[in-house]
There are 2 protein chains.
Amino acid sequence: MSDYIPVHGQRPRRVTARMVAEAAGVSRSAVSRAFTDGAYLDDKKRTKIREVAAILGYKPNALAAGLQGGRSHLVAIFVGDMRSPYDTAFVGQLVGELNALNKWPILIDGGGQRAATAIEDVLRYPLDALILRGGSMSADIVSQCTKYAIPMISSGRPIEAPDVDNVCCRHSDGTKEMTETLIRQGRTRFGFLAGPADFYSSAIRKGGVLEALKAAGLSLVAESLGDYTVAGGHSSAKQLLSSHAIDALICANDAMAIGALTAAREMGLAVPKDLSVVGFDDISMASWPMFDLTTVRNPIDASVTEILNLLERRLATPGKQSETVFIDTQLVLRATH
Amino acid sequence: MSDYIPVHGQRPRRVTARMVAEAAGVSRSAVSRAFTDGAYLDDKKRTKIREVAAILGYKPNALAAGLQGGRSHLVAIFVGDMRSPYDTAFVGQLVGELNALNKWPILIDGGGQRAATAIEDVLRYPLDALILRGGSMSADIVSQCTKYAIPMISSGRPIEAPDVDNVCCRHSDGTKEMTETLIRQGRTRFGFLAGPADFYSSAIRKGGVLEALKAAGLSLVAESLGDYTVAGGHSSAKQLLSSHAIDALICANDAMAIGALTAAREMGLAVPKDLSVVGFDDISMASWPMFDLTTVRNPIDASVTEILNLLERRLATPGKQSETVFIDTQLVLRATH
DNA sequence: TTGTACGCGTTATCAT
DNA sequence: ATGATAACGCGTACAA
């Protein structure tokens with residue numbers, strides 16, 4: 001088909017609009033127009049150009065197009081923890097929806113030591129937006145984005161800055177409601193399995209628990225620190241359960257709840273008869289038959305949808321005021337409460 | 001700091017090298033050199049320029065730089081299934097390592113209906129490489145990449161094409177070795193829980209099982225089709241176990257093995273006393289205490305490392321012959337065999 | 001060591 | 001409707 005002749009050991013250059021123009025006997029502009037929807041161009045000519053382009057293997061170069069001052073269609077996603085089931089599910093959904101909108105997500109692993117420099121380097125690309133999923137971002141990076149007029153949307157820890165939009169789950173309402181439900185069932189001795197000390201989500205989820213307990217004239221009997229993983233939840237729960245007599249264990253996330261549930265069963269505790277174990281997030285494993293975990297859903301669909309809505313609004317009106325959209329949680333009452 | 005004045009409702013333009021040059025009272029080339037390692041430039045001048053650049057918030061525009069004919073530093077990753085634990089763990093690792101090498105991964109969700117058009121669109125960017133993780137790729141896309149001289153590296157289903165490098169797990173050796181181990185333990189009535197009919201990995205893993213059985217004068221007693229998920233494995237195993245008397249169930253992946261393990265326990269079967277249940281991949285959940293699954297490790301670290309090696313070699317020698325690197329599996333003998 | 005001038009591939013503008 | 005030409009922002013060969 002193509003008369004492209006490979007030169008040994010040398011990288012062949014990309015086919016350009018100029019080459020297509022020559023091959024089709026038209027001007028370069030005509031080629032550009034042939035690939036621009038709604039541009040003035042004779043239908044027959046457009047068809048002809050597209051044929052030639054297909055044979056030569058021509059595609060407009062998105063880099064050169066992005067230089068024009070329009071949008072680059074590149075969106076960076078900063079992922080706090082690529083090993084967390086919730087974050088990966090979240091990013092999976094987000095990537096799919098961005099793809100559908102013709103936005104191309106560049107992923108940055110926020111877990112590595114080089115995360116800060118990585119984001120600095122990615123900012124060399126004129127991004128359409130920067131989306132934060134969990135993790136924390138230095139104030140410096142935030143101000144850089146503001147300066148470059150790169151829209152930032154944060155999901156997880158809210159960022160208080162003039163041009164940053166936030167999507168925020170009503171964490172404390174979720175744990176409050178869950179705690180109230182457990183109290184209504186007759187639970188009175190509550191334990192809380194917290195996440196790492198500096199995790200915003202853990203602290204605020206605990207806040208909801210305390211609120212509900214206080215309203216009922218109760219208080220927390222025991223608390224232990226975990227690391228948001230299954231293994232961490234397993235060992236933390238083992239310690240907590242062996243030293244405290246409680247009848248309800250609220251975990252700051254599902255991964256730890258799954259670990260805690262296993263620990264409780266290993267210790268001969270009947271769940272939910274002797275002990276309630278509940279989590280937060282409703283990750284896919286929570287519904288696995290061997291866990292059937294009662295939890296608070298932190299809905300990914302709704303969060304991702306809102307991120308895309310905010311992105312659209314921000315791109316339409318770059319100077320608009322920052323917004324914070326709150327996402328409602330849902331109680332998922334399965335078999336462990 | 002900066003004297004940038006925001007214009008209401010209008011997106012501020014990026015700071016360019018020209019602006020820095022003017023502000024610093026030097027030529028535009030000097031600014032370029034100030035950000036190019038090893039370029040001839042007076043140290044004092046470079047320092048001065050960098051200071052001014054920092055104040056103005058200047059960064060070289062990677063889009064314009066990529067136009068120069070060098071590398072774009074953009075790498076696309078096509079992910080077969082963003083919902084599979086193995087694939088997401090794989091991609092997480094890959095993203096982190098690419099970040100460390102200053103390569104920026106653009107993710108494409110191979111699961112959606114729009115996957116084919118998505119990859120077409122991403123090819124508008126002059127990619128340094130395209131990495132395939134699972135899923136399948138149309139021959140058309142492959143030939144396009146070859147035409148554009150975009151290196152392709154496939155992990156999962158190997159691609160037979162002149163310029164495509166492959167990283168391939170020795171699936172059948174893994175299942176063969178596992179089957180031999182079970183036979184040596186006295187298992188004689190084997191069942192196989194397969195993945196979707198068109199999945200390369202499932203078919204080849206089954207091949208290893210059959211090979212080992214044949215060598216021992218045995219044959220498969222039962223087989224059932226699953227969908228590579230926990231829920232699918234659970235229901236498929238339930239059917240299979242209720243209709244066939246077997247003492248070993250080999251599952252095409254860990255997710256199904258976890259589902260099968262749960263099903264077996266629910267049916268009152270003692271694992272491993274009455275029945276061996278084994279998986280493939282060694283996903284993180286396989287080592288969770290409640291499963292402690294015996295499985296065949298499909299090592300992510302090694303695969304990712306080899307992908308990066310192949311990428312490096314391919315970038316160094318674009319015209320080199322395609323290679324296929326094989327990855328050895330490892331038997332992980334836990335508590336279910 | 002430094003500045004000038006050109007090319008990268010595209011889209012947008014402006015005549016025609 | 002179409003073709004010439006000017007940006008876009010950068011790196012770099014070349015001349016000084």
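Here is the naming used below: chain letters follow the sequence lines, and residue numbers restart at 1 for every chain.
A straight line from OH of B:Y125 to P of C:dT10 spans 14 Å, rounded to a whole angstrom. If you take CZ of A:R46 and P of D:dG3, they are 14 Å apart, rounded to a whole angstrom. The distance from atom CG of B:L67 to atom C1' of C:dC6 is 14 Å, rounded to the nearest whole Å. When rounded to the nearest whole Å, the span between OH of A:Y40 and C1' of C:dT11 equals 17 Å. Rounded to an integer number of Å, the gap from CD of B:Q68 to C1' of C:dC6 is 10 Å. In this structure, B:N61 places its CG atom 18 Å from P of D:dA7, rounding to the nearest Å.
When heavy atoms are screened at a 4.0 angstrom cut-off, A:F35 is found touching no nucleic acid atom at all. No contact: A:K44 has no heavy atom under 4.0 Å from any strand. B:L41 comes within contact range of the sugar-phosphate backbone alone, with a heavy-atom separation under 4.0 Å but no base atom that close.
Proximity of B:K45 to the phosphate of C:dT2: a side-chain N or O atom is located under 4.0 Å from OP1 or OP2. Remark: B:S32 is in phosphate contact with D:dG11, judged by side-chain N or O atoms under 4.0 Å from OP1 or OP2. An OP1 or OP2 oxygen of C:dG9 is reached within less than 4.0 angstrom by no side-chain nitrogen or oxygen of A:T16. In this model, the phosphate group of C:dT10 is approached by a side-chain N or O of A:Y58 to a distance below 4.0 Å at OP1 or OP2.
Here the side chain of B:D42 is nearest to one of C:dT1, D:dT12, D:dG9, namely C:dT1. Comparing D:dT2, D:dG11, C:dT10 by their closest approach to the side chain of B:R28 singles out D:dG11. Ranking C:dT10, D:dG9, D:dG11 by closeness to the A:A65 side chain, first place goes to C:dT10. Proximity note for A:S29 (side chain, C-beta onward) versus D:dA4, D:dG9, C:dT10: the nearest is D:dA4. Taking only side-chain atoms of B:R33, from C-beta outward, the nucleotide of D:dG3, D:dA13, D:dA1 with the closest atom is D:dA13.
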